[in-house]
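Following: one structure in structure tokens, then a few remarks.
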Amino acid sequence: MINFRIIGRQFSTSISKQNAIKNVTVIGGGLMGSGIAQVAAQAGQSVTLVDVSSDVLAKSQKSIGANLGRVAKKLYKDKPEDGEKFVAEALGRIKTATDPGEASKSADLIVEAIVENMDVKHKLFKQLDSAAPAHTILASNTSSLSINEIGSVVKRKDKFGGLHFFNPVPVMRLLEVVKGAETSEDTYKSMMEWGKAVGKTCITCKDTPGFVVNRLLVPYICEAMRLYERGDASARDIDIAMKLGAGYPMGPLELADYVGLDTNKFILDGWHKKFPDQPLFKPIPLLNKLVAEGKLGVKTGEGIYKYDKK
Ligand SMILES: CCCCCCCCCCCCCC(=O)CC(=O)SCCNC(=O)CCNC(=O)[C@H](O)C(C)(C)COP(=O)(O)OP(=O)(O)OC[C@H]1O[C@@H](n2cnc3c(N)ncnc32)[C@H](O)[C@@H]1OP(=O)(O)O
Ligand SMILES: NC(=O)C1=CN([C@@H]2O[C@H](COP(=O)(O)OP(=O)(O)OC[C@H]3O[C@@H](n4cnc5c(N)ncnc54)[C@H](O)[C@@H]3O)[C@@H](O)[C@H]2O)C=CC1
């Protein structure tokens, strides 16, 4: 494995000999799916990126190209021509498609990163389970849903698990590998090995709500939003406080906009339904209002803050 440490951040470009996964299909070409496709392609794997929308796929290819450029700038600081080659080769390993069934036929691993909705995920996984070869591992990048519940619709329960990445995927170094009740030891080992091969540090999680990171992060962001909603402090001051007082790279409200307020709402609504007595997961009227107005954060140009449209 080749490791690069560049000014505090580490990028690993590695093709592990033990990693048997060569062909990866990523379903969902949004924020997370495009990042997952990028890191797999950077690691030398053949990737098919699938979305229902060809417009989304065109946008994803553009952002992957730009983000690979940022990585190349650091890896090949003194050799820009090698950097260009790196970008072109990685982009060349990514195909796009709009039919998940067709795109599953040659996959060793399928990572799902579509909308955070159980019914939509169930419909997709049923289709993937019948289309993919018997050896293919199916995994979900869900932030908050139960891996066992998502996997309940597939026959290959031993080859189903969770691979939870963090946003932005090319930068964040963690991967939570989630073992479902019926995930086999071989599948778990393959997922850990693949995570390493795409440059991540893997931790093992049980199928508990939010795994590790989001079990801690969701209440924190919710409390920040409530603080702001009550008028106890301005959004800017809350964010400055957590950056300068707690050393976080982003404040909680900036992070909520960065993740997407729709995703925040899917998570909170789902957990409130599941745990109605838990005060930490009670609905937040301001969040509901912003989402109803289509103010979803960075991706729509406005959320808690306003952003320049690119
Ligand atoms: C609203 C209330 C409702 C509450 C409801 C519940 C809330 C639920 C919340 C949980 C949601 C669930 C999400 C999830 O499942 C898990 C997550 O992913 S949580 C999010 C985790 N991510 C973070 O915490 C991000 C923290 N931020 C950072 O690390 C940095 O701010 C960031 C790297 C994003 C940007 O850094 P910054 O210095 O500010 O900006 P730069 O643009 O200069 O970037 C720094 C550095 O990194 C390179 N870079 C940035 N992005 C990319 C990219 N996409 N690809 C490649 N490279 C990238 C950039 O080039 C810079 O490089 P330098 O060499 O340092 O210049
Ligand atoms: N946004 C974040 O910071 C993080 C999100 N996640 C999880 O990743 C998943 C995706 O989140 P994002 O990328 O933020 O969402 P997003 O909204 O940016 O992208 C989702 C994409 O899936 C596509 N899609 C929807 N249904 C589809 C289907 N049936 N087949 C193919 N494509 C379909 C949509 O067109 C959209 O482009 C969710 O489960 C979310 O909880 C996990 C970690 C971090």
Side-chain angles (χ1 to χ4, degrees), residues 6-9 11 26-36 38-39 42 49-57 59-60 63-64 66-74 77 97-100 103 111-117 120-121 123-125 127-128 140-145 150 162-174 176 210-211 213-214 216-226 228-229 243 248-272 280-281 283-284 286-288 290-291 296-299 303-304:
I6 297 133
I7 336 172
R9 290 184 204 272
F11 292 86
V26 180
I27 318 266
L31 215 51
M32 296 305 290
S34 53
I36 298 166
Q38 176 180 333
V39 294
Q42 265 173 238
L49 180 61
V50 183
D51 202 284
V52 283
S53 154
S54 7
D55 287 350
V56 167
L57 289 171
K59 219 174 126 194
S60 307
S63 79
I64 293 171
N67 288 331
L68 279 168
R70 294 161 94 168
V71 175
K73 229 171 159 178
K74 277 168 257 178
K77 212 164 147 206
T98 51
D99 177 356
V111 185
E112 167 275 316
I114 66 166
V115 62
E116 188 75 339
N117 176 298
V120 184
K121 288 195 196 283
K123 201 168 156 216
L124 175 70
F125 274 113
Q127 186 187 4
L128 299 176
S140 174
N141 179 52
T142 182
S143 293
S144 65
L145 302 174
I150 300 175
L163 287 171
H164 184 222
F165 285 86
F166 293 83
N167 179 22
V169 179
V171 178
M172 304 304 283
R173 291 164 53 192
L174 183 69
E176 290 181 330
F211 316 126
V213 173
N214 286 342
L216 301 174
L217 200 57
V218 172
Y220 157 68
I221 296 183
C222 287
E223 283 303 272
M225 189 76 169
R226 293 188 180 105
Y228 170 54
E229 196 176 39
K243 285 189 281 192
Y248 288 15
M250 266 181 179
L253 302 176
E254 288 172 328
L255 187 55
D257 269 358
Y258 191 69
V259 164
L261 296 184
D262 51 343
T263 300
N264 288 320
K265 184 169 154 51
F266 280 128
I267 296 173
L268 193 58
D269 288 352
W271 284 9
H272 177 55
L280 284 171
F281 305 148
I284 301 175
L286 179 58
L287 174 66
N288 293 342
L290 290 170
V291 172
L296 308 183
V298 179
K299 63 183 164 189
I304 297 160

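Atom set for the values below is all heavy atoms of this structure, side chains included, hydrogens, waters and symmetry mates excluded. Both counts, for ligands and for their atoms, begin at 1 and track the order of listing.
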Which atom of [X] lies closest to which atom of [Y], heavy atoms considered:
X: Glu176; Y: Phe211; answer: OE1-CB, 3.3 Å
X: Gly251; Y: Tyr220; answer: C-OH, 4.4 Å
X: Ala256; Y: Ile221; answer: CB-CG2, 3.9 Å
X: Leu49; Y: Leu57; answer: O-CD2, 3.6 Å

Taking [atom] as the reference point, the nearest protein heavy atom with its distance:
atom: atom 19 (O) of ligand 2; value: Gly30 CA, 3.3 Å
atom: atom 11 (O) of ligand 2; value: Met32 CG, 4.0 Å
atom: atom 1 (N) of ligand 2; value: Val259 O, 3.1 Å

Legend entry - Steps toward side chain to side chain contact (heavy atoms under 4.5 Å, CB included) verdict (Val291, Leu296): CA-CA 6 Å; Val291 172; Leu296 308 183; 4.1 Å; yes

Between [X] and [Y], is there a donor-acceptor pair closer than 3.5 Å when you use the side chain of the first and the backbone of the second?
X: Asn141; Y: Phe165; value: yes
X: Asn214; Y: Ser143; value: yes
X: Glu116; Y: Ser144; value: yes
X: Lys121; Y: Ile114; value: yes

For ligand 2, which is the ligand I care about here, please tell me if [X] has any N or O atom under 3.5 Å from one of the ligand's N or O atoms.
X: Gly29; value: no
X: Glu116; value: yes
X: Lys121; value: yes
X: Ser53; value: no
X: Leu31; value: yes
X: Pro100; value: no

Inset, instruction - Test Asp51 against Ser60 for side chain to side chain contact (heavy atoms under 4.5 Å, CB included), laying out the working first. - result: CA-CA 10 Å; Asp51 202 284; Ser60 307; over 6 Å; no

Candidate with minimal heavy-atom separation from [atom], of [options]:
atom: atom 17 (C) of ligand 1; options: Phe165, Phe166, Tyr258; answer: Phe166
atom: atom 23 (C) of ligand 2; options: Val50, Asp51, Asn141, Ile114; answer: Asp51
atom: atom 53 (C) of ligand 1; options: Asn67, Ile64, Ile304; answer: Asn67
atom: atom 41 (P) of ligand 1; options: Met172, Met32, Lys74, Arg70; answer: Arg70

Distance check, rounded to the nearest 0.5 Å: [X] atom [atom1] versus [Y] atom [atom2]?
X: Asn264; Y: Asp269; atom1: CG; atom2: CG; value: 10.5 Å
X: Phe266; Y: Leu261; atom1: CZ; atom2: CG; value: 12.0 Å
X: Met32; Y: Thr263; atom1: CE; atom2: OG1; value: 9.5 Å
X: Ile27; Y: Leu124; atom1: CD1; atom2: CG; value: 5.5 Å
X: Leu268; Y: Asn288; atom1: CG; atom2: CG; value: 8.0 Å
X: His164; Y: Leu174; atom1: NE2; atom2: CG; value: 9.0 Å

Test of understanding: given a 4.0 Å heavy-atom threshold, classify the contact between [X] and ligand 1 as side chain, backbone, both, or neither.
X: Asn214; answer: side chain
X: Val171; answer: side chain
X: His164; answer: side chain
X: Asn167; answer: both

Ligand-residue contact atoms, ligand 2 with [X], heavy atoms, under 4.0 Å:
X: His164; answer: 42 (C), 43 (C)
X: Ser143; answer: 5 (C), 6 (N), 7 (C), 40 (C), 41 (O), 42 (C), 43 (C)
X: Val56; answer: 37 (O)

[X] and ligand 2 - part of the residue with a heavy-atom distance under 4.0 Å:
X: Phe165; answer: backbone
X: Val52; answer: both
X: Ile27; answer: side chain
X: Lys123; answer: neither

In ligand 1, which numbered atoms sit nearer than 4.0 Å to a non-hydrogen atom of [X]?
X: Leu217; answer: 19 (S)
X: Leu287; answer: 1 (C), 3 (C)
X: Pro249; answer: 26 (C), 27 (N), 28 (C), 29 (O)
X: Pro170; answer: 55 (N), 56 (C)
X: Ile267; answer: 11 (C), 12 (C)
X: Val218; answer: 6 (C), 8 (C)
X: Ala256; answer: 1 (C)

Legend entry - Basic-acidic side-chain contact under 4.0 Å: Glu229, Arg226: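 Salt bridge: no.
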
Legend entry - Other residues, nucleotides, ligands: >12 heavy atoms within 6.0 Å of Lys59 NZ: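 Counting other residues, nucleotides and ligands, NZ of Lys59 stays at 12 neighbours or fewer.
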
Inset, instruction - Return yes when Lys299 approaches ligand 2 closer than 4.0 angstrom through a heavy atom, no otherwise. - result: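 The answer is yes, since Lys299 has a heavy atom less than 4.0 Å from ligand 2.
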
Inset, instruction - Give a yes/no on ligand 2: does Ala113 have at least one heavy atom closer than 4.0 angstrom to it? - result: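 Per 4.0 Å heavy-atom rule, Ala113 contacts ligand 2.
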
Inset, instruction - Look up atom 15 (O) of ligand 2 and tell me if a protein heavy atom lies less than 4.0 Å from it? - result: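 Answer no: nothing from the protein, no heavy atom, is under 4.0 Å.
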
Legend entry - Sub-4.0 Å heavy-atom approach of Leu255 to ligand 1: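 Yes, that is the case, since the closest heavy atom of the residue is under 4.0 Å from the ligand.
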
Legend entry - Test side chain to side chain contact (heavy atoms under 4.5 Å, CB included) applied to Ile36 and Glu112, step by step: CA-CA 10 Å; Ile36 298 166; Glu112 167 275 316; over 6 Å; no

Inset, instruction - Tell me, with the steps shown, if Ile304 and Met225 meet side chain to side chain contact (heavy atoms under 4.5 Å, CB included). - result: CA-CA 9 Å; Ile304 297 160; Met225 189 76 169; 3.7 Å; yes

